[in-house]
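Chain letters run A, B, ... following the sequence lines, proteins first, then strands; residues in each count from 1. Hydrogens, waters and symmetry mates are skipped; everything else that's a heavy atom, side chains included, is used.
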4 protein chains.
Amino acid sequence: MEAKSDSAEQEEAVKKPSRRTFTEAARRAQIVNAAIEVIADAGYAKASFARIAREAGLSSTGMISYHFAGKDDLMREVVAEVSRVAEAYVLPRMEERTGARARLRAFIEASVGLAGAYPKHLPAMIDVLAHLRDDDPSRHGLLGTVDSAADVQVERMREAQRSGEFREFDPRVMVTAIRAAIDATVTRAGREPGFDAAAAGRELADLFDHATRSAER
Amino acid sequence: MEAKSDSAEQEEAVKKPSRRTFTEAARRAQIVNAAIEVIADAGYAKASFARIAREAGLSSTGMISYHFAGKDDLMREVVAEVSRVAEAYVLPRMEERTGARARLRAFIEASVGLAGAYPKHLPAMIDVLAHLRDDDPSRHGLLGTVDSAADVQVERMREAQRSGEFREFDPRVMVTAIRAAIDATVTRAGREPGFDAAAAGRELADLFDHATRSAER
Amino acid sequence: MEAKSDSAEQEEAVKKPSRRTFTEAARRAQIVNAAIEVIADAGYAKASFARIAREAGLSSTGMISYHFAGKDDLMREVVAEVSRVAEAYVLPRMEERTGARARLRAFIEASVGLAGAYPKHLPAMIDVLAHLRDDDPSRHGLLGTVDSAADVQVERMREAQRSGEFREFDPRVMVTAIRAAIDATVTRAGREPGFDAAAAGRELADLFDHATRSAER
Amino acid sequence: MEAKSDSAEQEEAVKKPSRRTFTEAARRAQIVNAAIEVIADAGYAKASFARIAREAGLSSTGMISYHFAGKDDLMREVVAEVSRVAEAYVLPRMEERTGARARLRAFIEASVGLAGAYPKHLPAMIDVLAHLRDDDPSRHGLLGTVDSAADVQVERMREAQRSGEFREFDPRVMVTAIRAAIDATVTRAGREPGFDAAAAGRELADLFDHATRSAER
DNA sequence: AATGAATGAGAATTCATTCAT
DNA sequence: GATGAATGAATTCTCATTCAT
């Protein structure tokens with residue numbers, strides 16, 4: 001389940017994974033955030049180095065190639081950054097609740113709420129991940145974080161089913177559906193001007209509460 | 001002989017909408033199907049005319065430009081074709097059921113089942129639609145079919161809520177969630193080799209049955 | 001000064017110069033007029049077969065290739081047609097005057113006036129001729145008519161100089177200047193909406209009357 | 001970070017208008033001169049990036065796109081360069097004369113004489129400007145210089161008419177005629193091998209001296 | 001550590017022309 | 001006589017990446 005060793009290639013792909021100076025890290029962060037901005041605004045397809053460099057206020061695309069091993073490397077960093085931000089936002093909000101139902105509700109509402117705090121982040125990541133293909137060599141690295149998060153969710157659901165809090169269902173299908181529903185809602189929130197994200201978050205939480213809870217009250 | 005340039009351009013956007021030869025229709029269909037294949041396999045981003053032409057067994061990309069007014073025109077046709085196929089597959093399966101619950105179930109199962117019969121179609125359309133941006137001029141034309149289908153579903157749900165068959169919820173959020181869940185499941189089906197689409201379809205149907213039905217039996 | 005014999009090529013270039021059926025002639029005329037229209041409106045550079053065919057109401061560009069040996073052939077016909085029309089318009093108006101001065105004035109005013117009667121013709125021809133290059137094989141054929149008309153004018157001027165009606169000057173430079181001034185004025189007339197062509201014609205005639213007449217009244 | 005897309009595009013039309021490197025400036029000049037060469041020799045229609053790149057000794061057309069925002073940008077620069085050269089050649093020669101007649105004569109002779117010093121420049125510019133159409137978005141930018149130069153000439157003529165040095169005539173028609181005559185003569189000079197440009201310049205100057213001067217000495 | 005210049009492959013599209021029917 | 005289909009070369013332009021400085 002981890003990034004196994006097609007390693008020679010794999011390691012080269014991430015530039016200097018250790019030992020990075022401060023300015024280098026700052027530059028990378030600057031570029032990553034510009035990339036998130038551009039991807040969210042113009043879509044992955046139009047997120048060329050040229051456009052990202054312009055957004056970041058850099059004079060040439062060479063700058064980006066200098067700091068990242070390639071487009072894959074940059075995109076990996078985009079996904080990692082968004083994952084980091086999302087986790088920092090969602091996890092605490094889940095942990096202040098108890099019980100599987102309350103936590104699922106918190107997860108969904110926080111995920112949608114994230115779109116209010118960081119409107120570009122989730123759409124950008126969704127767009128990047130949507131472009132991964134089976135044959136893409138960076139696929140495993142990129143999906144690692146996301147997949148393992150999903151695995152955690154699946155495991156939590158299984159536990160809630162064993163405890164009787166959730167009814168019987170295929171947890172993988174459920175997790176897929178929840179993820180997809182959140183993403184679609186966040187995307188709509190970004191597109192439709194007057195969209196009430198908080199309300200939609202509550203609606204989604206209700207939806208999946210009904211979908212998951214066991215019949216016996 | 002008058003200033004006709006504006007409307008001329010406008011009309012050209014869709015090439016010769018009426019009166020098409022038999023061979024032309026055949027070629028167009030051949031190209032559209034090749035496009036669906038390529039988009040599903042390699043993604044919209046890599047679905048260049050060159051690749052589509054190769055898939056279709058054509059000697060040059062000029063052929064595609066000859067039969068379609070542009071990439072937009074081709075993509076519009078891809079969406080239209082998939083919509084046509086999907087409707088022909090799903091609608092009859094819904095109509096042989098009665099009651100909102102049974103029909104919703106039929107809709108979901110048929111939609112996922114479609115992935116068995118036409119594994120490339122839905123993923124291709126999803127990919128095309130995902131690339132539409134707000135500023136894209138072809139946006140409205142392409143989304144017309146899809147949006148109006150969603151509107152119909154929303155209206156059906158409102159009715160089922162009035163009749164007491166469905167509980168109270170925001171039907172737009174629900175429709176968005178259902179569509180997203182189906183799409184994500186179909187996409188997974190296309191990617192994961194041993195994926196049991198029929199079972200996943202039943203699971204999804206259960207999920208949204210629980211999510212929509214009113215508490216009082 | 002005539003079309004000499006690079007003949008094999010030259011003869012092939014003009015399709016079936018003799019023995020043309022009535023419908024063929026009609027089709028050719030239709031296409032030539034469409035070409036004039038398009039060249040005047042959009043410029044020579046954008047006067048593709050596709051655009052001309054559309055203007056002519058033809059369904060395919062093949063039609064044009066069928067009736068003309070090539071683009072050169074069509075353009076030659078455009079020049080010939082405009083020359084024919086111009087001559088038919090200008091010559092009678094010159095011949096009803098006597099004296100070199102009156103005739104020059106009539107020539108200029110009629111040439112500019114032609115722009116009122118056939119606003120597209122002269123601009124189209126100017127544009128076609130402007131695209132001829134020295135190495136262009138169709139150059140001689142196309143310029144034949146035009147050059148010989150210029151030669152006639154030069155000769156007339158020489159005569160008027162001998163008779164004392166015109167002052168001494170280089171008649172070739174004068175003819176070049178007159179032609180260029182007429183063309184530029186006609187072009188302006190086509191472009192500027194409120195342009196008073198008749199007045200400009202009289203101004204031009206005055207201009208070249210002053211420029212040519214001998215001092216002694 | 002705001003909606004900057006509109007203005008960004010707008011700005012891009014002219015690439016990096018300020019702050020250009022030395023080598024960049026050199027490359028641009030090299031390309032512009034190659035373009036002038038090609039346009040004069042082969043015509044605007046055949047002045048493709050490929051041909052210009054070959055003339056400039058560049059390995060790829062991408063180079064040109066790298067240094068210019070597009071074909072418009074390059075052509076704008078061609079016009080600007082020729083204008084610059086022409087002004088530097090003509091103005092001093094006018095300023096060492098006094099009186100409207102002498103200055104007009106100097107203007108015409110210098111303009112034609114320019115063809116001796118820079119035989120390709122004027123024909124290239126004429127060809128570029130001839131391809132501008134009313135609907136061309138780059139029209140204003142390109143014609144700005146040229147039109148304003150014409151306006152200055154018109155104003156000068158009006159003054160000379162008030163002072164009695166020039167007879168009464170429509171100065172716009174006159175300026176148009178002069179410009180057209182110069183251009184046609186320069187074009188002929190470029191085409192006809194033995195053409196005596198200096199003599200033709202004197203002839204043209206005579207011509208317009210007669211055409212403009214007032215009768216009373 | 002940074003940068004501007006260069007590269008060459010690949011993109012969509014338009015073009016005049018040919019050909020079988 | 002006429003037509004629609006096909007062709008393949010050529011067009012401008014964008015792209016990620018490399019390299020010398």
Are any of [X]'s side-chain N or O atoms less than 4.0 Å away from OP1 or OP2 of [N]?
| X | N | value |
| --- | --- | --- |
| D:Thr61 | F:dC13 | no |
| D:Arg27 | E:dA6 | yes |
| D:His67 | E:dA6 | yes |
| B:Thr21 | F:dA5 | yes |
| B:Tyr66 | F:dA5 | yes |

If each of B:Ala25 and A:Lys71 is mapped to the nucleotide of DNA chain F with the nearest heavy atom, which maps nearer the 5' terminus, i.e. the 5' end?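 The answer here is B:Ala25.
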Toward the 5' end of DNA chain F, which comes first, D:Ala50 or B:Ser59, by nearest nucleotide?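 Residue closer to the 5' terminus by nearest nucleotide: B:Ser59.
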With heavy atoms under 4.0 Å as the rule, sort D:Ser48 into base, sugar-phosphate or nothing.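 Since only primed, P, OP1 and OP2 atoms lie under 4.0 Å of D:Ser48, the category is sugar-phosphate.
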C:Phe49 or A:Thr23: which one's nearest nucleotide on DNA chain E is closer to the 5' end?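 In this pair, the answer is A:Thr23.
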Nearest nucleotide by nearest heavy atom, which residue falls closer to the 5' end of DNA chain E, D:Leu58 or C:Met63? D:Leu58
Between A:Asn33 (side chain only) and A:Ala29 (backbone N and O only), is there a donor and an acceptor less than 3.5 Å apart?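 Yes: the side chain of A:Asn33 pairs with the backbone of A:Ala29.
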Criterion side chain to side chain contact (heavy atoms under 4.5 Å, CB included) on B:Ile31 and B:Leu58, from CA distance to verdict: CA-CA 9 Å; B:Ile31 293 170; B:Leu58 303 174; 3.9 Å; yes
Given the rule in the side chain to side chain contact (heavy atoms under 4.5 Å, CB included) test, do C:Arg27 and C:Met63 qualify, once you have shown the distances and angles that lead to the verdict? CA-CA 9 Å; C:Arg27 271 263 183 270; C:Met63 195 72 267; 4.0 Å; yes
Worked check of side chain to side chain contact (heavy atoms under 4.5 Å, CB included) between B:Asp73 and B:Arg76: CA-CA 5 Å; B:Asp73 191 23; B:Arg76 208 186 335 249; 3.9 Å; yes
Assigned partner base of F:dA16, Watson-Crick or wobble definition, under 3.5 Å: E:dT7
